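The structure presented is a predicted model; accordingly, all values stated were derived computationally and were not measured. The sequence lines fix the lettering, A, B, ..., with proteins before strands; numbering per chain opens at 1.
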Amino acid sequence: MIDQASLLTDLNAAQQQAVSAPLNNLLILAGAGSGKTRVLVHRLAWLMEQEHVSPQQILSVTFTNKAAKEMQSRVEQLLHIDTRGLWIGTFHSLAHRLLRLHYEEAKLPQSFQILDSNDQQRLVKRVMKSIGLDDKQWSPREAQQFINRHKDKMKRPQNISCEASDFHTQTNIKIYQHYQQQCDADGLVDFSELLLRVYELFRDHPTVRQHYQQRFHHILIDEFQDTNRLQYAWLKQLKTPDNYMMAVGDDDQSIYGWRGAEIANIQQFQQELGDVHLIRLEQNYRSTQNILEAANAVIAQNTDRLGKSLWTDSSRGEPIALFTAFNEQDEAQFVVKQIQGLLMQGYRRDECAILYRSNAQSRVLEEQLLYHDIPYRIYGGLRFFERAEIKSAMAYLRLVHHPADNEAFERIINFPTRGLGDKTVEHIRATARELNTSLWAASQHCIAHKSLPTRALTALQSFVALMTHLQEQQTELDLPELTKLVIEHSRLIPHYEKEPRDQGQARIENLGELINASKQFYVSDEAEGMSPLAAFISHAALESGELQADQHQDSVQLMTLHSAKGLEFPIVFMVGMEEQLFPAKQSAYDPKRLEEERRLCYVGITRAQHKLYLTHAEYRRLYGENAPHTASRFLREIPKELVEEIRLRNEIRRPLSYQKPIKPHANTPRLNTGHTSWHVGQMVTHAKFGEGMVLNYEGNGPQARIQVRFGNGDSKWLVASALTV
DNA sequence: GTGGCCTCTCTTTTT
DNA sequence: GAGAGGCCAC
């Protein structure tokens, strides 16, 4: 038991007010760095300890698995209690849980499977093909977005007004219709569908809804500004006059409008719930005065705000550094030089973050970091469970678990290739359509009726035999053993051994890692009534896999501005502060989207604790074209007195690759990339000396001299035509 | 079934 | 400029 005082110590007045607020609906507008998560965690603890709310009566919703985990562990740390019974999770994981419990009312088969966006795309494509749409003329990607956008607005195909819509929309409606039919027939549920089904479940089954309304006395929602219409509607269904909602959010940090988030939900929350106690957390504990003032000045340019002004009593701190680079190479060099200096001053590498607007910007930075032997870590990119090899292995597991899983069947029927080409598969599909069964059942039918050429038939027979064997093992083996067996029998490893060394090797390692993941999962299995295998499969779909946690080595952090949200770093570099790039050119002309870009800028600035560097380049190679860039308007929005422009002295900085492009000679031993110029940090290969890195260059054309440092540490001047990129 | 060549697109991303 | 995806030829 924890006493009241200790739940409130180290909290400021507004935070205390939020944590200890009387039972009421609460809207907490929590500015960047104002201790939002802390308030949420302490409020949870307060409810349990002071208001004697049992964990079972609390529902706490977040957006990411990471946030859910963090909240859970912080509550446990604070209270030293078991938080089982507490419903805490992402919208999707909670929806999944509800659907598993109420699959019948939700009109789903018990064995329903989750479709991740990748699977969804594949299915959309197949559906489009099956209704005879030319996928040159119709984009599957657009159709997928159409479907999700409408699901997120609780729209079924029949609810999208047909009369007014053009041919284009009508086609999309048709795709949506057929796609949904296919999902329903196969028991497949995509991400939006998880939420929509729960919404419809609550809507159509008052008893179920009432059960949860009565159960959850308290509903807490984090990152409220990121909720879309469906998510908000879903929460509201659980709301009664007798329970309480607490929403925490920051309209200034809403950066996901492009995927359906509606800031308007915040205003609606106040209006619709009527009795809402509003608390603003405006004291920032993260940044220096300079950084905060810059952030405030930028965000003040937005008109569409609820209004909030962050303040801090920390010191003024260092000025914000502004650097104008010649080009992106120069910019990267500057950043790395500064980092080297900071490391000398005693900062750790992982205290430095480089933030950029788009992933494509990371490459130049990587090259420079590599060149200077500074370890770095890039966030983003493919997650573990999204990797092709993992998805394939998972498809084998899915088919073991549930033979009627057509999605899984399609994925592995001929992967690795086993002589079951398009024609055979099309025959199986046709049979399945005819008999109205799964592809798996259709395969068995084809075998029984020998309705395929001998060659294909034999191949299909051995595939069916393999899967049957694995299915039989299911009951004998535990999850890790089964995973191991499935990977062995899938022949994925020999398949990847044939791939170019490094890539195939990495894939094989990942498959080993999958066995590990299944072991870990098996131990901490939290499924309710599901078999470990079924739970593992859902887990893989719902949690694309945290970045490998073991990479705890001290390294410079590189990520997009979006993925930096919620994080903080003593040192932050925001690079590429240029028009066309940031704000992105696609957003620059639409006032609404421009405001979102500005909020993104605000998010970036407020990540910094001690020192913020802003850099931009006068020229940048973008989409293969080297073009002059003007400074971002956001730079002008920062008051001059907060900024110190950095000019490098004692150094003649000369433009690198773009002003002195050295075209490799046509006879240069094969270029495998289309590089037309050399740049410092570039990796090159010499027939005799092996791989090395460009240090410098002189001259032009095939006779240009390139200075290269090789693996053994030697550096040599060589003629350009002797080098391969 | 695979490799080579062509065209297309190119913000952000969680679940 | 580069990756992805489609298409065609072997």
Side-chain angles (χ1 to χ4, degrees), chain A residues 61-68 89-96 114-121 125 134-136 139-141 145 148 151-152 189-195 223 226-228 230-231 254-261 328 355-361 363-364 379-383 385-386 388 414-424 495 498-499 538-546 559-566 576 580-588 593 596-597 599-601 603-604 620-626 657 671-677 679 725:
Chain A
V61 197
T62 60
F63 273 84
T64 64
N65 292 301
K66 197 171 142 206
T90 63
F91 274 104
H92 293 84
S93 70
L94 294 166
H96 175 238
I114 302 167
L115 218 53
D116 69 19
S117 21
N118 199 304
D119 298 333
Q120 186 186 33
Q121 172 105 84
K125 261 190 206 162
D134 177 9
D135 59 358
K136 253 187 246 139
S139 130
R141 213 183 95 198
Q145 283 170 359
N148 292 336
K151 285 190 177 184
D152 287 346
V189 178
D190 61 51
F191 285 137
S192 301
E193 186 73 19
L194 279 170
L195 303 179
E223 304 281 13
D226 289 339
T227 50
N228 65 29
L230 172 56
Q231 287 160 336
S254 164
I255 54 176
Y256 288 110
W258 52 276
R259 59 176 200 217
E328 75 279 359
L355 311 182
Y356 35 80
R357 174 71 241 258
S358 85
N359 284 309
Q361 290 168 258
R363 219 189 87 187
V364 193
Y379 288 74
L382 270 192
R383 306 298 190 80
F385 285 107
E386 285 167 2
N414 201 31
F415 188 80
T417 47
R418 50 170 66 86
L420 293 168
D422 230 20
K423 234 175 152 181
T424 314
H495 174 262
K498 282 184 240 147
E499 266 190 18
S538 302
H539 169 83
L542 282 174
E543 292 198 32
S544 36
E546 286 299 304
M559 68 192 83
T560 63
L561 288 156
H562 279 90
S563 32
K565 193 170 112 176
Q580 304 292 98
L581 203 58
F582 190 35
K585 64 168 180 289
Q586 297 91 334
S587 306
R593 294 171 67 173
E596 182 153 311
E597 295 281 317
R599 291 193 292 270
L600 191 56
C601 184
V603 167
R620 181 176 298 270
R621 186 172 281 280
L622 202 63
Y623 303 139
E625 225 176 341
N626 195 27
S657 51
L671 296 165
N672 30 9
T673 64
H675 274 274
T676 54
S677 61
H679 61 257
V725 177

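A/Thr417 places no side-chain N or O within 3.5 Å of a backbone atom of A/Gly419 that could act as its donor or acceptor partner. A donor-acceptor pair is defined here as one N or O able to donate and one able to accept, closer than 3.5 Å; such a pair exists between the side chain of A/His562 and the backbone of A/Ile255.
Both distances falling under 3.5 Å, in either a Watson-Crick or a G-U wobble arrangement, place B/dT2 opposite C/dA9.
Spacing between B/dT11 and C/dG6 at atom C1', rounded to whole Å, works out to 25 Å. Going from the C1' atom of B/dT14 to that of C/dG3 covers 23 Å, rounded to whole Å.
Residue A/Gln361 is tested with A/Leu622, A/Leu355, A/Leu581, A/Thr560 for a side-chain contact (heavy atoms from CB on, under 4.5 Å); the sole match is A/Leu581.
The residue among A/Ser93 and A/Thr417 whose nearest nucleotide of DNA chain B is located toward the 5' end is A/Thr417.
A/Asp226 places its CG atom 10 Å from the C1' atom of B/dT14, with the value rounded to the nearest Å. To the nearest angstrom, P of B/dT14 lies 17 Å from CG of A/Leu194. If you take CD of A/Glu386 and P of B/dT15, they are 9 Å apart, rounded to a whole angstrom. Between A/Lys151 atom NZ and B/dT15 atom C1' the separation is 13 Å, expressed in whole Å. For A/Lys125 and C/dG5, the NZ to P distance is 6 Å, given to the nearest whole Å. With rounding to whole Å, A/His495 atom NE2 is found 12 Å from B/dG1 atom P. In this structure, the CG atom of A/Asp422 is 12 Å from the P atom of C/dG6, given to the nearest Å. In this structure, NE2 of A/His539 is placed 11 Å from P of B/dT15, rounded to the nearest angstrom.
Atom CD of A/Glu597 is separated from atom CZ of A/Arg357 by 4.0 Å, given to the nearest 0.5 angstrom. Atoms NZ and CZ, from A/Lys565 and A/Arg599 in turn, are 10.0 Å apart once rounded to the nearest 0.5 Å.
Using a 4.0 Å cut-off between charged nitrogen and carboxylate oxygen, A/Asp226 and A/Arg259 do not count as a salt-bridge pair.
One N or O donor and one acceptor, one from the side chain of A/Ser117 and one from the base of B/dT15, sit under 3.5 Å apart.
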- Message: Each nucleotide in nucleotides 7-13 of chain B should get exactly one letter: B, S or -. Can you fill that in based on protein heavy atoms under 4.0 Å?
- Response: ---BBBB
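Contact annotation: the side chain of A/Asp116 never approaches that of A/Phe385 to less than 4.5 Å [non-hydrogen atoms, C-beta and beyond].
With a glycosidic angle further than 90° from 0, B/dT9 counts as anti.
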